[in-house]
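Data first, discussion second: the structure below is written as structure tokens.
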Amino acid sequence: MKEAEDIIKPESQHFIEQAIEKDLSEGKNSGRIHTRFPPEPNGYLHIGHAKAICLDFGMADKYGGKCNLRFDDTNPTKEDVEYVDSIKEDIQWLGFTWEDREFYASDYFGKLWDFAVSLIKRGLAYVDDQSAETISEQKGTTTQPGMESPYRDRTVEENLDLFFRMNEGEFEEGSRVLRARIDMASPNMHMRDPIIYRILKTPHHRTGTKWKVYPMYDFAHGQSDYFEGITHSLCTLEFEVHRPLYDWFIDQLKTDDYRPRQIEFNRLNLTYTVMSKRKLLELVKDGVVKGWDDPRMPTLCGLRRRGYTPESIRRFVDLIGYTKVEAINDVSLLEYAIREDLNKRAPRVFGVINPLKVVITNYPEGATENMEITNNPEDESQGTRRVPFSREVYIEQEDFMENPPHKFFRLAPGQEVRLKGAYIIKCTGLKKNDAGEIAEVQCTYDPATRSGGPDSDRKVKGTLHWVSAAHALNAEVRLYDRLFSDEDPSGHKDIDAREFLNPGSLTILEDCKVEPSLAEAKPLDKFQFQRMGYFCVDYDSKKGNLVFNRIVQLKDTWQKVNK
RNA sequence: UGUCCCGUGGUGUAAUUGGCAACACGUCUGAUUCUGGAUCAGAAGAGUUCAGGUUCGAGACCUGACGGGACAACCA
């Protein structure tokens with residue numbers, strides 16, 4: 001009965017899937033689905049791009065189509081090959097492939113030029129000799145129509161002559177532009193004779209000095225879609241007002257029934273995060289963070305370094321969905337996604353972040369036992385490992401209190417606790433240093449309570465992780481907190497996001513103790529430090545000098561109770 | 001005082017296209033646990049921004065308010 005209901009109930013689709021299926025059912029573009037991901041190579045990809053990538057490649061995948069990678073490189077003054085490589089790396093890391101379809105808008109400069117010439121010949125484009133300021137003034141405002149340029153009615157011959165000479169380098173940058181001749185009174189600003197070509201003498205990273213004029217975004221994007229046979233051009237909401245112009249150019253270009261269709265979806269916003277490339281660039285340039293891949297950054301390389309997996313990012317994107325509502329997503333959902341993934345996969349280890357020495361006074365001096373410990377209770381196939389135990393161990397400072405509150409299930413004078421995978425110990429005394437801080441805790445152990453032993457079933461309130469002092473590896477641990485303390489740092493009109501920078505976003509602890517099995521850990525290896533959270537080996541880590549990034553803490557109800 | 005887009009539990013999304021609001025995260029119980037994790041069981045929480053209208057029936061359709069966002073770069 002229940003099963004039957006499940007079968008009947010259709011998967012709910014988001015509005016883009018619905019639109020695609022409608023197009024398919026109407027037989028548009030002979031049933032083809034072809035999308036594209038069009039980054040501008042002027043910065044690193046961030047998790048917002050991941051949302052777009054998952055959609056672009058995901059829709060192609062779901063409907064048996066293809067997705068092109070196309071670099072939108074129409075502005076040589078801002079773009080660089082440096083970014084091309086990192087963008088490709090990040091897309092692949094996320095798990096997507098464009099096969100041999102790596103394209104560049106600059107591949108189409110010739111075709112775009114020809115199209116512009118054709119528009120001129122049809123009286124649909126003209127060269128304007130006015131300054132940027134004048135053109136801007138004549139554009140009108142959102143509430144008032146614009147004025148027509150005095151150059152709007154030049155002859156085709158004159159336009160052609162000027163346009164060719166613009167590209168010959170005869171004129172200075174900014175002295176002339178090519179404009180589409182549409183409607184200066186349109187309520188849509190983008191239709192008021194938009195500039196489609198400008199003079200730029202900066203060499204282009206791919207075409208060198210071949211061109212002196214470069215197409216604007218609006219004149220390149222839709223046409224590139226058209227040239228590549230794209231059927232669905234998915235982009236974010238802010239391009240909604242560009243769509244009439246997108247369609248206008250396609251109308252002038254198309255020769256048969258095929259036409260690409262632009263559909264807009266909401267971009268990703270995350271709480272406590274800034275997402276604009278400009279703001280991220282500032283953080284890097286001003287040294288607020290250590291680089292594009294600083295583990296606090298929402299860039300894909302930053303998240304990767306932090307320890308996020310591609311699976312967790314794809315899962316997160318899947319959870320938030322695609323709509324036309326401008327929403328702000330809770331980072332806690334991202335954290336949920338990585339915990340969910342790592343819970344199943346990450347091996348458990350013992351790592352003590354803030355060590356406190358415990359001496360087990362009745363344990364034989366110099367003795368060592370190897371305790372067999374499960375690597376992952378969620379996945380038996382990960383097996384077990386041996387962890388050395390001895391008379392002196394480190395536990396977490398926060399796991400001991402001299403005067404514990406009521407529900408403190410950890411170590412305190414007179415109280416018993418289990419050292420996970422080893423023995424139950426009882427606190428018998430403590431030593432303080434001159435400053436009055438607890439320097440050492442003394443305990444006795446009960447040999448019969450060894451895990452698997454005769455009294456191992458005895459109930460104790462708490463179980464602690466530990467590391468044998470004699471065998472411990474020293475490690476540096478970098479604890480991260482949100483970069484901004486405000487939920488919506490860029491959402492304040494009069495306050496710069498920088499005002500909300502969290503001074504405690506990075507804490508470096510250099511005297512952490514981890515179990516010896518971690519000696520061979522390699523950068524990007526991920527572990528659960530039992531009870532402490534998920535950690536990832538940093539690129540800075542070296543054998544004998546381990547460095548871990550905390551990805552995320554475990555859920556901690558005790559911490560919550562304490563607040 | 002313009003055009004366009006958008007308003008569903010705290011947050012993000014659903015509601016098979018008009019049949020009486022579902023899911024996830026979060027929150028809160030309880031069980032269980034050699035991770036105060038995980039797991040399991042359960043609970044609270046919206047009557048869909050508001051007001052009219054159409055309809056036997058509206059979160060979906062219409063009108064108008066209100067609220068939020070986008071648009072006036074030779075950026076993308």
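On a predicted model such as this, the values are computed, not experimentally measured, just so you know. In what follows, every chain begins at residue 1, and chains take the letters A, B, ... in the order their sequences are listed.
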As a test of your reading of the structure, name each stem of RNA chain B as range with range, where a stem is three or more consecutive Watson-Crick or G-U pairs at under 3.5 Å. B:2-7 with B:66-71, B:10-13 with B:22-25, B:27-31 with B:39-43, B:49-53 with B:61-65
Polar atoms only, N or O, under 3.5 Å: list the protein pairs with nucleotides 62-64 of chain B and their distances.
none

A:His49: what forms a side chain to side chain donor-acceptor pair (under 3.5 Å) with it, not counting sequence neighbours? none
Show me, pair by pair, the donor-acceptor contacts under 3.5 angstrom made by side chains of residues 458-467 of chain A, not counting sequence neighbours?
unit_1	atom_1	unit_2	atom_2	d
A:Arg458	NH1	A:Asp446	OD2	2.8
A:Arg458	NH2	A:Glu416	OE1	2.6
A:Arg458	NH2	A:Glu416	OE2	2.4
A:His465	ND1	A:Gln530	O	3.4
A:His465	ND1	A:Arg531	NE	3.4
A:His465	NE2	A:Gly351	O	3.3
A:His465	NE2	A:Glu396	OE1	2.7
A:Trp466	NE1	A:Lys420	O	2.7

Pairs meeting criterion salt bridge (Lys or Arg N to Asp or Glu O under 4.0 Å) with involvement of residues 36-49 of chain A, two or more places apart: A:Arg36-A:Asp56
Nucleotide by nucleotide, nucleotides 6-13 of chain B touches protein heavy atoms under 4.0 Å in the pattern (B base, S sugar-phosphate only, - none) S----SSS
For nucleotides 35-50 of chain B, 5' to 3', base contacts (B), sugar-phosphate-only contacts (S) and non-contacts (-) with protein non-hydrogen atoms under 4.0 Å give BBBS------------
Look at the rings of A:His242 and A:His190 and say which category their plane angle falls in: under 30° parallel, 30 to 60° tilted, over 60° perpendicular. tilted
Quick one: salt bridge (charged side-chain N to carboxylate O under 4.0 Å, His left out) partners of [X], sequence neighbours excluded?
X: A:Glu170; value: A:Arg165
X: A:Arg261; value: A:Asp23
X: A:Asp341; value: A:Arg345
X: A:Arg339; value: none

Tell me whether A:Arg418 contacts the main-chain N or O of A:Thr449 through its side chain, where contact means a donor paired with an acceptor under 3.5 Å. yes
Could you go through nucleotides 71-76 of chain B and list every protein N or O atom that sits under 3.5 Å from one of its N or O atoms, giving the distance for each pair?
unit_1	atom_1	unit_2	atom_2	d
B:C71	O2'	A:His190	NE2	3.4
B:C74	N3	A:Gly174	O	3.4
B:C74	N4	A:Gln130	O	3.1
B:C74	N4	A:Ala132	N	3.2
B:C74	N4	A:Gly174	O	2.8
B:C75	OP2	A:Arg198	NE	3.1
B:C75	OP2	A:Arg198	NH2	2.8
B:C75	O3'	A:Arg198	NH2	3.2
B:C75	O2'	A:Asn75	ND2	3.4
B:A76	OP1	A:Thr74	OG1	2.6
B:A76	OP1	A:Arg198	NH2	2.9
B:A76	OP2	A:Tyr217	N	2.9
B:A76	O3'	A:Asp72	OD2	3.4
B:A76	N6	A:His242	NE2	3.2

Distance-only polar pair, side chains of A:Tyr336 and A:Glu340, donor-acceptor under 3.5 Å: yes
